[in-house]
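Heads up: numbering here begins at 1 and tracks the sequence. For clarity, every value in this text was computed on a predicted model and none was experimentally measured. Side chains are part of it too, since the values below use all heavy atoms of this structure and drop only hydrogens, waters and symmetry mates.
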Amino acid sequence: DVVLYGCGPRSSTFINFCGIGNLIDFCIDDRVELSDLYLPGTNSPISSFKDACSSLCSDPLVLLGVGAE
């Protein structure tokens, strides 16, 4: 599984610039206002870490899309 953790504007820009949205299996962000929305350029709904953990394989590749803060 390929997981994107952090679904902010920078993550969206990076995913779309690189053209890798079709490779993302899970989009994870714990901000409630993003739940069940889709990150532009992907086909995966944004879910919380807790909700996604039960569906992940045992050895996922995690892309970190965290803010500059």
Engineer: Enumerate the side-chain hydrogen bond (donor to acceptor under 3.5 Å, both in side chains) contacts for residues 32-45, please, sequence neighbours excluded, ordered by first and then second residue.
Structural biologist: none
Engineer: About how many Å separate CG of Leu23 and CG of Leu4, when rounded to the nearest 0.5 Å?
Structural biologist: 12.0 Å
Engineer: Would you compute the distance between atom CG of Leu63 and atom CD1 of Ile15 and round it to the nearest 0.5 angstrom?
Structural biologist: 6.0 Å
Engineer: Pick one: which of Val32, Leu34, Asp30 meets side chain to side chain contact (heavy atoms under 4.5 Å, CB included) with Ser48?
Structural biologist: Asp30
Engineer: If you link I, L, V, M, F, W and Y whenever their side-chain heavy atoms are under 4.5 Å apart, who else ends up in the same group as Leu56?
Structural biologist: Val3, Tyr5, Phe26, Ile28, Phe49, Val62, Leu64
Engineer: Which residue pairs pass the salt bridge (charged side-chain N to carboxylate O under 4.0 Å, His left out) test with at least one member in residues 51-66, sequence neighbours excluded?
Structural biologist: none
Engineer: Taking atom SG of Cys27 and atom CG of Leu37, what is their separation to the nearest 0.5 Å?
Structural biologist: 11.0 Å
Engineer: Quick one: side chain to side chain donor-acceptor pair (under 3.5 Å) partners of Thr13, sequence neighbours excluded?
Structural biologist: none
Engineer: According to side-chain hydrogen bond (donor to acceptor under 3.5 Å, both in side chains), does anything in residues 16-29 pair up with another residue at least two apart or in another chain? List the pairs.
Structural biologist: Ser12-Asn16, Asp29-Arg31
